[in-house]
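Only one structure is covered here, and it is reproduced in the block below.
Source: prediction; values computed, not measured. Computation of the quantities below employed the complete heavy-atom set of this structure, encompassing side-chain atoms and omitting hydrogens, waters and symmetry-equivalent molecules.
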Amino acid sequence: MEPLNYLAAFIQSAETGSFSAAARRLGLTPAAVSKNVARLEASLGLRLFQRSTRSLTLTSGGERFLQQVGGPFAGVLEAIEGVPKDDGQPSGVLKVGMAPAFGREYLLPLLDTFLDRYPAVLPDWHFDNRAVDLIGDGFDAAVAGGIPLSQGVIARELVRMDVVAVASPAFMQGRAAPAHPSELAQLDGIVRRSVSTGRAKAWSLRHLSGDEGLATLRPRLIFDDPDAMAHAALRGYGVALLPMAHAAPWLQQGKLLRLLPDWHGDAGPVSIYYASKKLLPAKTRAFVEHVTAHFRQPAVAAWFDSTRYR
């Protein structure tokens, strides 16, 4: 198995940019990792890294070699690890990242049927509005919107998310309902700050006829969490532009009103992300299929349809 150890040392060193970091991942000493890389270079007759006291960078030959062996090596490891213990039944820790409110409202209820079917799976769910590093942080899957697709990651769309303007009945009492997105600028707004950029989000709304209009709110509150925005709107602080996932429960109950009912924005899809492995672990495959099948149901898709709440 020595050649596999050499490859592991090389790949981990390339991914982390450090023999020391690679050693921590592999449970070896930095000297052992360095020696394994040197042995691989000697067997290939190719220098893989440029070394200095402060940095470790791939040579052009090292970059080409990494592209050639990275995927196949991961597949070999999965096959080796799976032979003695994988009987095809989903089992083990399932590490999944998701936004707090979406996960609590729409994914947590799926656990009943999932765990009934796959009792050997242990869900380890991480609730965070920030996009996770699926590969780097060792997640089996993530459910979110707008995660950039990196190499080795697949996304399956679950639902397309509209954005709608909402406010509480108490806030709108005595106020004229806006007829065009530009009129929202005359009302107090609960504005969303982007987690990634720190800037306030501006939405372009589209009319059912195809016309477009920019929705600019007069900031009264600035939040970085859409669920908190929904609750602030419920308390009458102003108008909020919310994805349907956060607006639908309150529109259904009549606790929020839909403003500009013929207008909506596009927040893009909410997708389930997972690594593009040929030998995808049974637990991950089962979770992906379970969640996808749920969101494919017409009744579930209708819940997020903004035209339902006009």
CG (Leu48) and CG (Leu66) are apart, to the nearest 0.5 Å, by 9.5 Å
Quiz item: If you count the non-hydrogen atoms of other residues, nucleotides and ligands that lie under 6.0 Å from CZ in Arg220, is the total more than 12?
Solution: no
dist Leu259:CG -> Phe171:CZ (nearest 0.5 Å) comes out at 8.5 Å
Applied to residues 95-105, the side-chain hydrogen bond (donor to acceptor under 3.5 Å, both in side chains) test, sequence neighbours excluded, yields Arg104-Asp227
query = With side chains defined as the heavy atoms from C-beta onward, is the minimum distance between Leu7 and Leu40 less than 4.5 Å?
reply = yes
Review point. Is there a side-chain contact between Arg310 and Asp262, using heavy atoms and a 4.5 Å cut-off?
Key: yes
Discussion item. Quick one: does any side-chain atom of Thr16 pair with a main-chain N or O of Ser18 as donor and acceptor, under 3.5 Å?
Written reply: yes
- Message: I'd like to check Asp140 versus Phe287 (side-chain heavy atoms, cut-off strictly below 4.5 Å). Are they in contact?
- Response: no
Residues Met229 and Val191: closest non-hydrogen pair is CE-C, 4.1 Å
Side chains of Leu107 and Trp125, heavy atoms from C-beta outward: is any pair under 4.5 Å? yes
On a heavy-atom basis, the closest approach of Ala230 and Leu256 is O-CD1, 4.5 Å
In this structure, OG of Ser271 is separated from CE of Met161 (nearest 0.5 Å) by 10.0 Å
With the 4.5 Å side-chain cut-off for hydrophobic clustering, are Leu44 and Leu56 part of the same group? yes
Rounding to 0.5 Å, atoms CZ (Arg258) and CG (Leu260) come to a distance of 8.0 Å
Sorted by chain and number, sequence neighbours left out, ring-ring contact (aromatic ring centres under 6.0 Å, His included) with Trp250 holds for His231
_Between Ser34 and Pro30 (side chain of the first, backbone of the second, donor and acceptor by atom type, cut-off under 3.5 Å), is there such a pair?_
no
Rounding to 0.5 Å, atoms OG (Ser168) and CG (Leu257) come to a distance of 7.0 Å
Cut-off 3.5 Å, side chains only: do Asn129 and Asp225 have a donor facing an acceptor? yes
- Task: Kindly indicate, with the supporting measurements, whether the criterion side chain to side chain contact (heavy atoms under 4.5 Å, CB included) is fulfilled by Tyr6 and Val37.
- Result: CA-CA 6 Å; Tyr6 300 164; Val37 170; over 6 Å; no
*Min side-chain heavy-atom separation Pro100-His126 under 4.5 Å*: no
For Met172 and Ala177, the nearest pair of non-hydrogen atoms, with its separation, is CE-CA, 4.0 Å
- Task: For residues Phe114 and Pro90, determine if any side-chain heavy atom of one lies less than 4.5 Å from a side-chain heavy atom of the other.
- Result: no
Next on the checklist: Set out, in order, the CA-CA distance, both residues' side-chain angles and the distance that settles side chain to side chain contact (heavy atoms under 4.5 Å, CB included) for Tyr274 and Val153, then state yes or no.
Outcome noted: CA-CA 6 Å; Tyr274 56 98; Val153 175; over 6 Å; no
Are Val300 and Tyr309 connected into the same hydrophobic cluster when the rule is that any two of I, L, V, M, F, W, Y join if their side-chain heavy atoms are below 4.5 Å apart? yes
Taken to the nearest 0.5 Å, the spacing of Leu94 CG from Thr284 OG1 works out to 6.0 Å
On a heavy-atom basis, the closest approach of Gly103 and Met98 is CA-SD, 3.5 Å
- Task: Begin from the C-alpha positions of Val288 and Arg156 and carry the test side chain to side chain contact (heavy atoms under 4.5 Å, CB included) through to its verdict.
- Result: CA-CA 9 Å; Val288 170; Arg156 288 176 65 175; 3.5 Å; yes
Any donor and acceptor pair, going by atom type alone, linking the side chain of Arg218 with main-chain N or O of Gln186 inside 3.5 Å?
-> yes
Is there a path of hydrophobic side-chain contacts, each under 4.5 Å between heavy atoms, that joins Val163 and Ile190?
no
With sequence neighbours left out, the residues meeting ring-ring contact (aromatic ring centres under 6.0 Å, His included) with Phe10 are Phe49, Phe65
Contacts of Phe304 meeting ring-ring contact (aromatic ring centres under 6.0 Å, His included) (sequence neighbours excluded), chain-then-number -> Tyr106
Ignoring hydrogens and geometry, is there a side-chain-to-backbone donor-acceptor pair from Glu289 to Arg285 under 3.5 Å? no
Q) Would you call Pro123 and Leu111 a side-chain contact if the rule is heavy atoms closer than 4.5 Å? A) yes
Is it true that a side-chain atom of Thr59 and a backbone atom of Arg47 form a donor plus acceptor pair closer than 3.5 Å? yes
Review point. In terms of hydrophobic clustering (I, L, V, M, F, W, Y; side-chain heavy atoms under 4.5 Å; direct or indirect links), are Tyr118 and Leu115 co-clustered?
Key: yes
**Request:** For Gln173, look at atom CD and say whether over 12 heavy atoms of other residues, nucleotides or ligands are found less than 6.0 Å away.
**Result:** no
Handout entry: Derivation and outcome, side chain to side chain contact (heavy atoms under 4.5 Å, CB included), residues Ile11 and Val69
Key = CA-CA 9 Å; Ile11 291 171; Val69 303; 4.3 Å; yes
Scanning both residues in full, the closest heavy-atom pair of His290 with Leu110 reads NE2-O, 3.4 Å
Enumerate, atom names and distances included, each donor-acceptor pair closer than 3.5 Å involving a side-chain atom of residues 233-248, sequence neighbours excluded.
none

### Query
Quick one: do the Asp266 and His264 side chains pair a donor with an acceptor below 3.5 Å?
no
Original post:
Going through the distances and angles, do Glu41 and Arg51 end up as a salt bridge (charged side-chain N to carboxylate O under 4.0 Å, His left out)?
Top reply: CA-CA 13 Å; Glu41 289 177 321; Arg51 300 163 172 81; 2.9 Å; yes
Query raised in the report: Are Leu251 and Leu208 grouped together when hydrophobic residues (ILVMFWY) are joined by side-chain heavy atoms under 4.5 angstrom apart?
Result: no
> With a 4.5 Å limit on heavy-atom distance, are the side chains of Phe295 and Val270 in contact?
Replying inline: no
Tightest non-hydrogen contact, residues Thr29 and Ala23, listed as C-CB, 3.6 Å
Across all chains, not counting sequence neighbours, the ring-ring contact (aromatic ring centres under 6.0 Å, His included) partners of His180 are Trp263
